[in-house]
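Below is one structure, written out as structure tokens; comments come after it.
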Amino acid sequence: MRTELTERFGIEYPIFGFTPSEDVAAAISRAGGLGVLGCVRFNEAEELDKVLEWMHENTDGKPFGVDIVMPAKIPTEGSKVDLDTMIPPEHRAFVERTLDELGVPKLEGENRVNTGVLGWLHSVARSHVDVAMEHARKYGQIKLIANALGSPPADVIDISHQNGVAVAALAGAKEHALHHVEAGVDIVIAQGYEGGGHTGEVTSMILWPELVDAVGDTAPVLAAGGVGSGRQMAAAIALGAQGVWMGTYWLTAAEYKLGAHGDGPSTIQQALLAATSRDTVRRRIYSGKPARLLKTKWTDAWDAPNAPEPLPMPLQNLLVGQAHARISQADDPEVVAMPAGQIVGRLNAITPVEELIADLVNEYKEAASRLDKTL
């Protein structure tokens with residue numbers, strides 16, 4: 001396959017795979033796409049540094065990218081301990097009560113101050129950028145940095161460009177896309193309503209061509225939200241996108257080991273395999289911003305009449321961070337906290353990444369062939 005972005009990044013297929021798993025990201029790049037590692041799970045720069053070193057050693061010299069969570073405006077930010085004091089006691093009580101009612105056990109030696117949610121803070125995200133740029137200079141493999149919260153700060157865009165790294169940003173509306181281009185972003189990721197994680201209110205079929213038309217030749221568009229097959233990839237290209245940005249699709253990859261407690265599918269993968277396309281909800285309970293999640297007993301609890309309103313980012317992250325860690329260890333597929341898009345209904349088996357990409361490409365070719373026959 002050949003598009004503007006395959007040429008730009010030197011990849012075989014215009015498939016950009018976002019994942020928190022370094023194993024999956026590396027496998028995507030090895031198979032001809034561009035794996036993009038989600039960095040938000042890394043509390044310490046040293047953790048990310050080790051993982052990026054591992055990716056360098058396991059991608060056969062192929063390019064890959066990183067994804068950060070960073071607002072364009074630098075917030076006033078205290079330490080995690082300071083921020084903890086801003087969380088209302090009634091919110092903490094609700095979370096503890098809900099976990100008890102759902103039978104989620106406590107962690108051994110758990111410590112609220114070190115619960116693994118610091119990656120959502122601006123200062124930590126900036127350290128992620130610093131580490132990524134160091135690796136870009138060192139090895140030249142990191143070719144993309146994407147931001148889940150829109151345009152990154154101007155200095156992050158500048159330093160990325162200085163290191164030969166393209167900048168991408170998610171957009172859920174025309175105004176977002178135009179702002180990104182004006183700010184110097186190179187690639188607009190058009191994230192439709194169907195997508196997992198942070199997402200807007202406009203469906204992909206409407207959003208993709210709208211953003212393609214809005215930015216014109218100023219920036220290529222990646223189609224995101226509801227892409228789980230080669231046919232959907234063909235639709236994205238037909239609507240003017242230069243490639244696809246996929247996240248949920250990789251959650252049942254054989255290489256995805258996060259949250260696994262032994263052989264076979266992890267608890268999260270069991271939940272994903274059992275879900276249909278109707279089993280997601282869009283709520284603010286994960287991060288404080290609207291995000292599409294797998295519908296489970298945990299999300300149901302937050303929909304109950306006695307549930308408090310979610311807190312703004314990053315306080316909601318800090319509130320539920322420890323809960324997410326406990327849920328991950330609970331080994332109950334009916335109680336998980338996981339972003340997932342509506343294409344979750346297509347996830348029916350644990351499949352190696354190489355096979356997942358081959359399926360996408362083969363189905364894309366079949367779809368393109370059918371279109372050719374209509375002319």
Side-chain angles (χ1 to χ4, degrees), residues 16-30 33-71 74-75 77 79-80 83 113-149 152-153 155-170 197-198 245 247 250-251 253 255-260 286-287 313-314 317-318 321-322 324-325 328 339:
F16 292 69
F18 164 74
T19 172
S21 165
E22 63 268 26
D23 296 278
V24 175
I28 293 169
S29 287
R30 290 197 305 269
L34 193 132
V36 182
L37 177 69
C39 296
V40 74
R41 71 181 177 92
F42 299 101
N43 284 348
E44 304 293 338
E46 292 77 11
E47 294 179 84
L48 178 60
D49 181 60
K50 290 179 180 178
V51 167
L52 292 181
E53 190 70 29
W54 181 92
M55 288 192 65
H56 162 65
E57 296 170 354
N58 289 274
T59 44
D60 299 335
K62 302 289 183 65
F64 60 90
V66 294
D67 179 273
I68 59 172
V69 178
M70 178 181 283
I74 300 174
E77 178 183 297
S79 69
K80 174 153 187 311
L83 292 170
V113 178
N114 298 302
T115 52
V117 293
L118 300 184
W120 294 94
L121 302 182
H122 181 92
S123 57
V124 179
R126 188 164 285 275
S127 75
H128 294 161
V129 174
D130 293 340
V131 171
M133 292 304 108
E134 181 181 346
H135 277 261
R137 291 189 293 270
K138 188 175 181 180
Y139 299 119
Q141 281 183 274
I142 294 180
K143 295 298 185 182
L144 178 72
I145 185 167
N147 188 25
L149 296 181
D155 68 304
V156 173
I157 296 176
D158 290 341
I159 194 172
S160 298
H161 289 163
Q162 291 167 16
N163 286 284
V165 178
V167 179
L170 269 69
H198 296 120
W245 176 272
W250 316 105
L251 293 175
E255 293 86 348
Y256 192 97
K257 301 301 182 184
L258 297 178
Y286 192 80
S287 69
M313 181 184 282
N317 312 95
L318 301 177
Q322 190 174 46
H324 290 171
S328 179

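Predicted model only: the values in this text are computed from it and were never measured.
- When ring centroids are compared, His324 and Tyr286 come within the 6.0 Å threshold.
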Audit row: Leu52, Leu37, side-chain contact (heavy atoms from CB on, under 4.5 Å) steps and yes/no:
CA-CA 9 Å; Leu52 292 181; Leu37 177 69; 4.0 Å; yes

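- Applying the side-chain contact (heavy atoms from CB on, under 4.5 Å) test to Asn58 and every residue at least two apart in sequence or in another chain returns Arg30, Trp54.
- The two residues Ala132 and Val66 have their closest heavy-atom pair at CB-CG2, 3.9 Å.
- Tested against Val40 for a side-chain contact (heavy atoms from CB on, under 4.5 Å), the candidates Asn317, Ile68, Val124, Val69 yield a single pass: Val69.
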For Phe64 and Val36, run side-chain contact (heavy atoms from CB on, under 4.5 Å): C-alpha distance rounded to whole Å, both residues' side-chain angles, the deciding distance at 0.1 Å, then the answer.
CA-CA 6 Å; Phe64 60 90; Val36 182; over 6 Å; no

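- Of the possible polar contacts, one joining the Ser29 side chain to the Pro63 backbone as a donor-acceptor pair under 3.5 Å is found.
- Among all heavy-atom pairs drawn from His198 and Ser287, the shortest one is NE2-OG, 2.7 Å.
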Considering only distance and modelled atom types, tabulate donor-acceptor pairs under 3.5 Å from the side chains of residues 17-28, sequence neighbours left out.
unit_1, atom_1, unit_2, atom_2, d
Thr19, OG1, Ser21, N, 3.0
Ser21, OG, Asp23, N, 3.3
Ser21, OG, Val24, N, 3.1
Glu22, OE1, Arg41, NH2, 2.4

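- Listed by chain and number, the residues in a side-chain contact (heavy atoms from CB on, under 4.5 Å) with Ser328 amount to none (sequence neighbours excluded).
- For Leu170, the side-chain contact (heavy atoms from CB on, under 4.5 Å) partners at least two apart in sequence or on another chain are Ile189, Gln191.
- Residues Met70 and Val156 approach most closely at SD-CG2, 3.8 Å, considering heavy atoms.
- Once rounded to the nearest 0.5 Å, the distance linking CG of Asp155 with CZ of Arg126 reads 4.5 Å.
- Residue pairs meeting the side chain to side chain donor-acceptor pair (under 3.5 Å) criterion with at least one partner in residues 131-146, sequence neighbours excluded, are Asp49-His135, Glu53-Tyr139, His56-Gln141, Thr59-Gln141, Arg137-Asn163.
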Evaluate side-chain contact (heavy atoms from CB on, under 4.5 Å) for Phe16 paired with Leu144, printing each intermediate quantity in order.
CA-CA 10 Å; Phe16 292 69; Leu144 178 72; 4.0 Å; yes

